[in-house]
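Input: a single structure, listed below in structure tokens.
Side-chain atoms are counted along with the backbone in the values below, which use heavy atoms only and exclude waters and symmetry mates. Chain naming here is simple, since letters A, B, ... match the order of the sequence lines and numbering starts at 1 in each.
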2 protein chains.
Amino acid sequence: MEKKLRGVNLGGWLVLEKWMAPSLFQGAPANDEYYLAYDLPEPEYQARILVHRESFITEADFLRISAAGFNTVRIPVPYFVFGDRAPFIGCVDYLDKAFSWAKAYDLKILIDLHTAPFGQNGFDNGGLSGVVRWAQMPEEVEFELTVLERLAQRYAGHEALWGIEVLNEPITEGEVWNSMSPMERFPARDATLAEGSAPITLSFLQTFYQHAYHRMRSYLRDEHVIVFHDGFQLHAWKEFFIRNDFKNVMLDTHQYIMMAELAGTEQSLEGYKVFIAGLGKEISEVAKYVDVFVGEWSLFNSYAVGTDTKGGINPTQEEFSRTRSLTKSELEEIYQTLWRASITAWNQGEGHMYWTYKLSIDTINEPAWYGWDSWDASRAMAKNWIDPNY
Amino acid sequence: MEKKLRGVNLGGWLVLEKWMAPSLFQGAPANDEYYLAYDLPEPEYQARILVHRESFITEADFLRISAAGFNTVRIPVPYFVFGDRAPFIGCVDYLDKAFSWAKAYDLKILIDLHTAPFGQNGFDNGGLSGVVRWAQMPEEVEFELTVLERLAQRYAGHEALWGIEVLNEPITEGEVWNSMSPMERFPARDATLAEGSAPITLSFLQTFYQHAYHRMRSYLRDEHVIVFHDGFQLHAWKEFFIRNDFKNVMLDTHQYIMMAELAGTEQSLEGYKVFIAGLGKEISEVAKYVDVFVGEWSLFNSYAVGTDTKGGINPTQEEFSRTRSLTKSELEEIYQTLWRASITAWNQGEGHMYWTYKLSIDTINEPAWYGWDSWDASRAMAKNWIDPNY
């Protein structure tokens with residue numbers, strides 16, 4: 001690419017996460033998208049989804065994102081995007097609208113298939129907490145491929161398409177599975193449904209990526225990028241990319257300070273800077289054999305929040321008491337510093353996409369959310385914490 | 001006031017107007033807030049209202065409004081704000097939240113009682129189209145006074161309170177009633193309910209304003225402003241303000257280019273500038289005996305839209321075909337010019353509050369809405385049409 005990706009994720013819109021729009025889950029025990037559909041009476045579920053989709057992200061957001069200096073949006077979509085998996089409601093008409101908005105406001109879209117039936121990571125953001133069985137179910141693997149095919153077919157002719165990402169954050173075996181421990185961090189509601197959950201092998205994932213590539217490439221144009229998430233193993237892909245003769249692919253790696261904290265990074269500005277600079281070096285290593293970008297990242301960190309969030313455990317899961325509050329100017333200093341350090345590191349590769357553009361949380365009336373607004377690029381811009389044009 | 005009011009209305013949030021959030025009305029024949037409650041099954045109605053109120057205006061909007069340079073928000077509330085008029089759902093908890101956000105982001109609030117049972121103007125924005133009977137029903141007049149009293153009591157102690165407006169746009173008799181013709185522009189769905197509709201006399205309105213003033217003033221502090229809408233007769237109030245010894249009151253006048261168009265103003269930039277400059281002179285006349293501000297206004301005009309909108313008839317009522325489209329830079333020129341002319345005029349008084357902050361319309365996928373984004377200050381800022389700091 002001549003120009004680096006300067007992107008932002010439209011998280012929480014077509015794929016729901018409770019912490020990103022808690023009011024959608026009001027009165028329901030559900031902790032994820034899957035159970036929301038089961039907990040609410042159908043008309044109520046439909047009404048909430050309708051108004052959410054119509055209002056959470058709109059034309060005005062595309063206008064603002066573009067005016068702020070971003071050039072790309074990454075749009076997470078669920079496996080039921082085409083409306084063929086009741087009781088979940090399809091959303092491809094909203095994706096269509098997004099493409100028109102992107103074209104009108106000169107943005108490119110990375111479609112990100114963010115969930116898979118029966119789970120590819122067990123995270124709440126995978127749609128079904130504590131269940132990781134998708135890769136073991138050949139018919140669901142095939143279903144996922146048909147979704148990708150249909151997305152490629154539908155949007156290949158649209159000038160706002162930048163690329164399609166095969167699958168978000170498939171969790172791989174080994175150290176990743178142990179340190180991320182989705183089964184503990186996002187307990188399954190139904191133990192029977194979770195039974196047999198297991199991490200995905202790299203060899204399965206690579207085969208799946210190959211199939212996805214070929215089935216999409218036949219519809220996509222050469223300039224469209226097919227994106228593979230690294231499965232949380234940034235350095236496991238060299239041989240894969242050398243062995244396969246892919247046209248225009250990129251590797252997506254997600255880098256969160258909170259995950260570095262879980263791995264022992266010191267909770268201080270200096271500690272974070274060391275971590276980020278190290279990542280920059282790693283990215284430049286990987287960039288020698290494949291184009292790589294940071295498709296999710298955030299300024300969120302425990303130091304600025306004023307308490308150890310234990311890897312980003314949030315107020316819908318557990319309430320923390322803060323040990324200190326920083327001043328407005330201290331926060332500006334921290335976030336601006338981390339923003340510049342991060343962008344410098346991410347631009348060792350092809351660029352970056354912030355997680356996320358918007359959160360429906362209330363940090364004033366619900367002080368437990370203090371500090372969580374750093375996840376929200378729209379607020380971070382208004383607070384002068386980030387500069388998309390840096 | 002030392003500093004002029006630089007405000008924006010949070011229209012369409014706690015008082016619904018179909019054109020401001022058409023998707024809320026999806027599948028219902030209702031053209032106003034009143035019938036939406038009757039057309040939708042109760043759980044669906046409640047779910048839509050919940051998600052709308054939680055998402056249409058949030059903490060992030062107060063942050064952005066403040067960061068942009070506004071100092072005040074005017075918040076329309078319905079007569080059922082306290083939840084004592086089923087089937088309508090109270091919303092005072094959202095007003096409470098708004099006060100916390102305003103305090104946190106250094107904004108002041110003008111509470112605007114925007115509707116009355118059985119209608120004070122028959123407009124869709126009065127909640128019940130084509131019905132103007134409130135003033136003839138003593139028990140409903142008294143009810144409205146109790147709402148004002150309760151608002152004054154609840155927020156008098158809150159430092160974000162700037163003032164309370166007694167009643168939005170009561171339609172008065174004579175030329176106003178004839179030219180605005182609410183019964184024709186917003187036909188009643190139920191002729192029986194509309195029967196006996198009639199404009200409000202100035203003498204009734206003045207008595208009502210006196211009662212409202214005294215009942216609120218006993219709760220409010222001296223610095224809180226009690227606001228009276230001019231009933232669309234800017235020059236009818238001199239004697240009223242001289243006769244009454246009010247403490248800290250202001251007159252609110254609403255000035256829309258589209259109404260000037262209805263009255264014959266030429267649909268051109270020059271025509272609008274003449275109209276606006278004339279209003280500036282009128283405002284400075286009135287300001288000699290009472291503080292006056294423009295509590296609603298907009299840059300929306302037929303010239304920029306490219307078709308005669310016949311007084312702002314919108315695509316939920318009728319579809320127009322455009323006769324021409326202006327370029328991006330032509331639109332910038334028009335809106336920036338009108339913004340500066342308007343602010344200069346309005347600051348002959350105490351300042352201004354734009355109508356409105358946000359609209360959920362889609363001008364890209366639904367081209368009938370082309371040009372209607374000038375009503376939306378959040379978009380107008382991103383498009384560089386307006387400068388709240390001017």
Are the side chain of A:S66 and the backbone of A:Y105 linked by a donor-acceptor contact shorter than 3.5 Å?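 Judged by distance alone, yes, a pair lies under 3.5 Å.
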
Mark yes or no for whether B:D112, through its side chain, and B:I75, through its backbone, hold a donor-acceptor pair below 3.5 Å.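 Looks like no, no N/O pair under 3.5 Å.
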
Which residue out of [options] racks up the most heavy-atom pairs below 4.5 Å with chain B?
options	result
A:A60, A:A104, A:A67	A:A60
A:E44, A:K97, A:K358	A:K97
A:N365, A:L63, A:L359, A:N384	A:N365
A:K383, A:E54, A:R379	A:R379

Please check if the number of heavy atoms outside B:E330 that lie under 6.0 Å from its CD is greater than 12.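 Counting neighbours around CD of B:E330, more than 12 heavy atoms of other residues, nucleotides or ligands fall under 6.0 Å, so yes.
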
Under 4.5 Å, counting heavy-atom pairs only, tell me which of [options] racks up the most with chain A.
options	answer
B:D373, B:L24, B:T58, B:L50	B:L50
B:A47, B:A21, B:P22, B:P41	B:A47
B:S360, B:S378, B:G27, B:A68	B:S378

Kindly indicate, with the supporting measurements, whether the criterion salt bridge (charged side-chain N to carboxylate O under 4.0 Å, His left out) is fulfilled by A:E296 and A:R74. CA-CA 9 Å; A:E296 291 189 18; A:R74 180 172 178 261; 2.9 Å; yes

So, [X] versus [Y], ring centres under 6.0 angstrom or not?
X	Y	value
B:W372	B:F300	yes
A:Y34	A:F88	yes
A:W355	A:H114	yes

Atom group of [X] that falls short of 4.5 Å from chain B, counting heavy atoms:
X	value
A:F62	neither
A:A382	both
A:Q46	neither

What orientation do A:W375 and A:W19 show, parallel under 30°, tilted 30 to 60°, or perpendicular over 60°?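 Perpendicular.
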
Per-residue contact mode, B:I361 against chain A (heavy atom under 4.5 angstrom):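 Contact with chain A is through the backbone of B:I361 alone.
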
